A.B. asks: 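Below are the structure tokens for one structure; questions will follow.
This chain uses plain numbering: 1 for the first residue, then up along the sequence. Below, each value reflects all heavy atoms present in this structure, side chains not excepted, and no hydrogens, waters or symmetry copies. Model, not experiment: these values are computed from the prediction.
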Amino acid sequence: MSPLEPPRRLALQAGPLPAAGTLPQPYPYETVAPAREGYVERDGVRSWYAQYGEEGPWIAFAPIFQIANTHLLRAVVPWLSQHYRVVVMDLRGSGRSDRPVEPQQYSFDHYYADFVAVLDRLGVDRTAVVGISATAMTAIRLAHEQRGRVAQLVLVGGWIERRLAHPQAAQALQENMARMRADWAAYLDGFFSVCFSEPHSTKPYEDAVRQGWSTDGETVAMALAGWMGHDLREPARELGCPTLVIHGDQDGRVPYAQGETAAALIPGARLVTVGEGGHLMPARDPVAFCRLLAQFVGRPGERSTWVRAMRRKRKALFVSSAIGLGHVQRDLAIARAMRALHPDLQVDWFTVPPASTYLEREGERVHPACARLANESSHFERVAGEHDLQAFFALRTMDEVMARNFLVFEDLLEHEHYDIVVGDEAWEVDYHYHENPELKRQPFVFLTDFVGCLPMEEGNEREAFLCADRNADDIAHVERYPWIRDRALFVGNPQDVPQLPFGPGMPIIRDWACRNFAFTGYALPFDPKALADTEALRARLGLRQDEKLVIAAVGGTAVGAPLLQKIAQAFPLMKRQVPELRLLLVAGPRVPRDAFPAHEGLSVLPYVHNLFEHLACSDLALVQGGLSTCMELVACGKRFLSFPLERHFEQCIHVQHRLRNYCADCAVPFRGLTAASLADKALQAMASPVHYQPVELDGADRAARQILAVMENRHWATA
């Protein structure tokens, strides 16, 4: 390996780095915008700051050591800003702030004065102050010098002194700075691999490396010198504000003894030890950090109601994935089956548009707390290409969304009582429950229609490594805490799970699923027999009997827009050969209708409620590769072509495997598809017979009975 070649660990976990100096995008956060932002300027150096949230007490994060930036707090600020006014800033030398080239511009006095200038600019007169790592010293200094301003002090993995008391220490500092200047990528790898010593920390490691890459070794070396030689122990003895010290006992960057010293010196300080914890808790364990911080700072003005146990209504909370409408339609079928068996059961829904819009139209109660959720569909659209969605990396980069939404979920569960929580691919609930098992308050049933992330790109060693690491994390979660999932339901049959390994040397997915899931069969949101009379159905829907009806639909996101464009281009070619052809192009709520050309016989609709009714009376459907729509077409015996999103492991592997089981392998690659070739394939499919295997009709009822069995808790009783 050449001196400047990134280490193998960095290449596998962080991947190819962008041009030096490039900030992570979106910066600093994806799911929340600042209420105020700007720059303060001191001695010609501008420092960027932002305020998130417009109500509640202040929480100010003292700016972190320049090897990182405000992006480090992406998993905690979005939720905190729903309850507090949160102050963040990029310290000179990092993020959006200036990078002066004179060493004297990097001093502890400057760092402190920059922070005070931001607080002054925002008019923060009384605040909780959080100091992480080196910037704990900034927080202590503020609490000492401006006692009336600091309401609470929180030190997280913090230094209380960084003396250079011995010649060896000064020499070690110089060697450290030389390594920064010589090979910045290698230094970042070594630094953050020590920070994130916890297993399965590849994502926070990647984020941190990319934060460091947005500055440079020369700048950070000068900045580091400014942090050295300071001792805040004596000021700490004189503090009078409530203080919380959080420190990992396996912190390899700031010794645990530093936290013990701070807790011993600061009068009345409380020490919370993170057992087996590393250095940067807000990035690695955001849920636990947010809860500790909120409990310590408090949330004034909150109201809650405690209902006496025997007066509580029987309630279920259904957490439904909002990626498309297929999940929520089958979930509603399951919920209705549950209510048929338990008429007194109240079901609340926890989801976002377009799923929440569908539920409200169906007369369901979407909990008001859902207004605080981040939208998963927006995230997937942001990372998608032209009919291309690297689904694994879309899931991997959804960690900010997941942390925020789980914390909103936890807020709800803290204030309302549910007899059971059902999560359909509620990855945020499942993951953070396993990472924070003490938070589980009620039975939890997990549903999914696929198991295991699988690599899609031949020869992409990084993708294969990270997929296997995520799968290993999931497997370890279930093995260690089998009681988190009171029941795990696979919406399908054992043969629908591919016989592929989770990764090198790992279990076969089907074998593992059979040990850890119950199988319900597929859950349809309708009875195909009720839609079998095509003439009556067309009459009810206002569709003509003498038309050949083609329906094109891609779900509720804008990811499928390129496919719809291609279908619109192919339609005139199809209509020349079949004059009675009509195309209903369902663009969804996020693709504008005027994005498509006008053709005779082509209608563009933003939304069709219960689209399966239109599909059931179609002559041909052209759809994306999602499972729900394809299975509905199979159940109704309808001809269709599916166009799986490229690099989407679920659509390309899991869904196609299942469709082959039903003799419905109708997939067409999008790459290289022309309007002419699409027209030819569509007309050929419309004239071809179908020989699908029947789809089970009782899946929703079977799922409902499994869920209610958990809620009733009588499975252990003898007959």
Side-chain angles (χ1 to χ4, degrees), residues 10-18 22 24-26 30-31 74 200 202-207 209-210 321-324 326-327 374-402 425 427-428 431 448-474 498 500-504 509 554-564 566 590-591 623-627 642-657 667-673:
L10 187 149
L12 282 177
Q13 297 188 23
L17 296 174
T22 302
Q25 292 299 321
E30 176 183 355
T31 67
R74 61 192 292 269
H200 307 295
T202 59
K203 185 54 169 60
Y205 163 92
E206 175 187 343
D207 288 343
V209 165
R210 290 173 179 269
S321 171
I323 305 299
H327 288 280
N375 194 296
E376 301 169 11
S377 297
S378 299
H379 170 80
F380 274 73
E381 289 175 358
R382 189 181 63 80
V383 299
E386 183 180 0
H387 204 74
D388 175 43
L389 178 63
Q390 226 301 0
F392 169 71
F393 285 105
L395 286 170
R396 176 176 168 82
T397 55
M398 205 166 70
D399 48 334
E400 178 185 326
V401 175
M402 290 175 62
E425 295 191 9
W427 303 112
E428 70 275 48
Y431 175 80
T448 186
D449 55 34
F450 80 92
V451 177
C453 295
L454 294 169
M456 285 295 299
E457 299 177 38
E458 188 72 28
N460 188 332
E461 189 179 12
R462 176 175 180 248
E463 182 194 23
F465 170 81
L466 293 175
C467 278
D469 181 72
R470 180 186 174 104
N471 291 336
D473 197 15
D474 291 343
L500 297 170
F502 281 107
I509 298 175
V554 294
T557 73
V559 175
L563 173 59
L564 294 179
K566 192 79 68 177
R590 304 169 81 90
V591 180
V623 299
Q624 213 177 77
L627 177 65
S642 70
F643 302 83
L645 291 168
E646 294 180 359
R647 300 191 301 164
H648 193 303
F649 72 87
E650 185 185 358
Q651 292 188 6
C652 293
I653 299 177
H654 291 278
V655 174
Q656 293 309 308
H657 171 81
V668 176
F670 183 80
R671 186 179 296 275
L673 190 68

A.B. asks: State, to 0.1 Å, how close Val401 and Ala374 come at their nearest heavy-atom pair, and which atoms those are.
C.D. replies: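 Nearest pair, atom of Val401 first, then Ala374: CG1-CB, 4.0 Å.
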
A.B. asks: Can you name the ring pair (Phe, Tyr, Trp, His ring centres under 6.0 Å) partners of Phe670, sequence neighbours left out?
C.D. replies: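 Phe670 satisfies ring pair (Phe, Tyr, Trp, His ring centres under 6.0 Å) with His387 only.
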
A.B. asks: Atom CG in Leu454, atom CD1 in Ile509: separation rounded to 0.5 Å?
C.D. replies: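 Spacing of CG (Leu454) from CD1 (Ile509) equals 4.5 Å.
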
A.B. asks: Give me the ring orientation class for Phe450 and Phe649: parallel if the planes are under 30° apart, tilted from 30 to 60°, perpendicular past 60°.
C.D. replies: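 Rings of Phe450 and Phe649: perpendicular, over 60°.
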
A.B. asks: Test side chain to side chain contact (heavy atoms under 4.5 Å, CB included) on Val383 and Gln390; report intermediate values, then the result.
C.D. replies: CA-CA 8 Å; Val383 299; Gln390 226 301 0; over 6 Å; no

A.B. asks: For a quick test of reading the model, state the closest non-hydrogen atom pair linking Gly625 to Ser642 and the distance between them.
C.D. replies: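 Between these two residues, the closest heavy atoms are CA-CB, 4.3 Å.
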
A.B. asks: Do the side chains of Arg671 and Asp388 get close enough for a salt bridge, i.e. N-O under 4.0 angstrom?
C.D. replies: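 No salt bridge links Arg671 with Asp388.
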
A.B. asks: So do Gln651 and Gln656 actually touch side chain to side chain, heavy atoms under 4.5 Å?
C.D. replies: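 Side-chain contact under 4.5 Å: no.
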
A.B. asks: Measuring from atom CG of Leu466 to atom CZ of Arg396, what distance do you get when rounded to the nearest 0.5 angstrom?
C.D. replies: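 That separation rounds to 4.5 Å.
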
A.B. asks: Ignoring hydrogens and geometry, is there a side-chain-to-backbone donor-acceptor pair from Arg210 to Leu17 under 3.5 Å?
C.D. replies: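 Between the backbone of Leu17 and the side chain of Arg210 there is no qualifying donor-acceptor contact (under 3.5 Å).
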
A.B. asks: Using every non-hydrogen atom in the two residues, find where Ala394 and His379 come nearest and quote the distance to one decimal.
C.D. replies: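 Shortest heavy-atom contact: O-NE2, 2.8 Å.
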
A.B. asks: Provide the closest heavy-atom pair for Phe392 versus Cys453 in the form atom of the first, atom of the second, distance.
C.D. replies: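 Of all heavy-atom pairs spanning Phe392 and Cys453, the closest is CD1-CB, 3.8 Å.
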
A.B. asks: Is the shortest heavy-atom distance from the side chain of Asp207 to the side chain of Asp399 under 4.5 Å?
C.D. replies: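 When only atoms from C-beta onward are counted, Asp399 and Asp207 do touch, with a gap below 4.5 Å.
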
A.B. asks: For the CD atom of Glu30 and the CZ atom of Arg74, what is their distance to the nearest 0.5 Å?
C.D. replies: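 The CD atom of Glu30 sits 7.0 Å away from the CZ atom of Arg74.
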
A.B. asks: When rounded to the nearest 0.5 angstrom, what distance separates CD in Gln624 from CG in Leu645?
C.D. replies: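 Answer rounded to 0.5 Å: 4.0 Å.
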
A.B. asks: Step through the shown structure and confirm whether more than 12 heavy atoms of other residues, nucleotides or ligands are within 6.0 Å of CD on Glu457.
C.D. replies: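 Counting other residues, nucleotides and ligands, CD of Glu457 exceeds 12 neighbours.
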
A.B. asks: Given the rule in the side chain to side chain contact (heavy atoms under 4.5 Å, CB included) test, do Phe393 and Arg462 qualify, once you have shown the distances and angles that lead to the verdict?
C.D. replies: CA-CA 11 Å; Phe393 285 105; Arg462 176 175 180 248; 3.5 Å; yes

A.B. asks: With rounding to the nearest 0.5 angstrom, report the CG to CD distance, Leu389 to Glu646.
C.D. replies: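 CD of Glu646 is found 11.0 Å from CG of Leu389.
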
A.B. asks: For Glu206 and Ala14, which heavy atoms make the closest approach, and how far apart are they?
C.D. replies: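 Scanning both residues, the minimum pair turns out to be CG-CA, 3.6 Å.
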
A.B. asks: Is a donor on one side and an acceptor on the other found under 3.5 Å between the side chain of Ser377 and the backbone of Ala322?
C.D. replies: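 Yes, because the side chain of Ser377 sits within donor-acceptor range (under 3.5 Å) of the backbone of Ala322.
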
A.B. asks: How about Glu425 and Ile323: do any of their side-chain heavy atoms sit closer than 4.5 Å?
C.D. replies: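 Not in contact.
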
A.B. asks: Strictly below 4.0 Å, N to O, side chains only: are Glu463 and Arg647 in salt-bridge contact?
C.D. replies: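 Salt bridge flag = no for Arg647 with Glu463.
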
A.B. asks: At what distance, to the nearest 0.5 angstrom, does SG of Cys467 lie from CZ of Arg470?
C.D. replies: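 Between Cys467 SG and Arg470 CZ, I get 9.0 Å after rounding to 0.5 Å.
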
A.B. asks: Treating Thr22 as the side-chain partner and Pro18 as the backbone partner, does any N or O pair qualify as donor plus acceptor under 3.5 Å?
C.D. replies: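 Answer holds: no.
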
A.B. asks: How about CD on Gln25, more than 12 heavy atoms from neighbouring residues, nucleotides or ligands closer than 6.0 Å, or not?
C.D. replies: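 Atom CD in Gln25 is crowded, with more than 12 foreign heavy atoms closer than 6.0 Å.
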
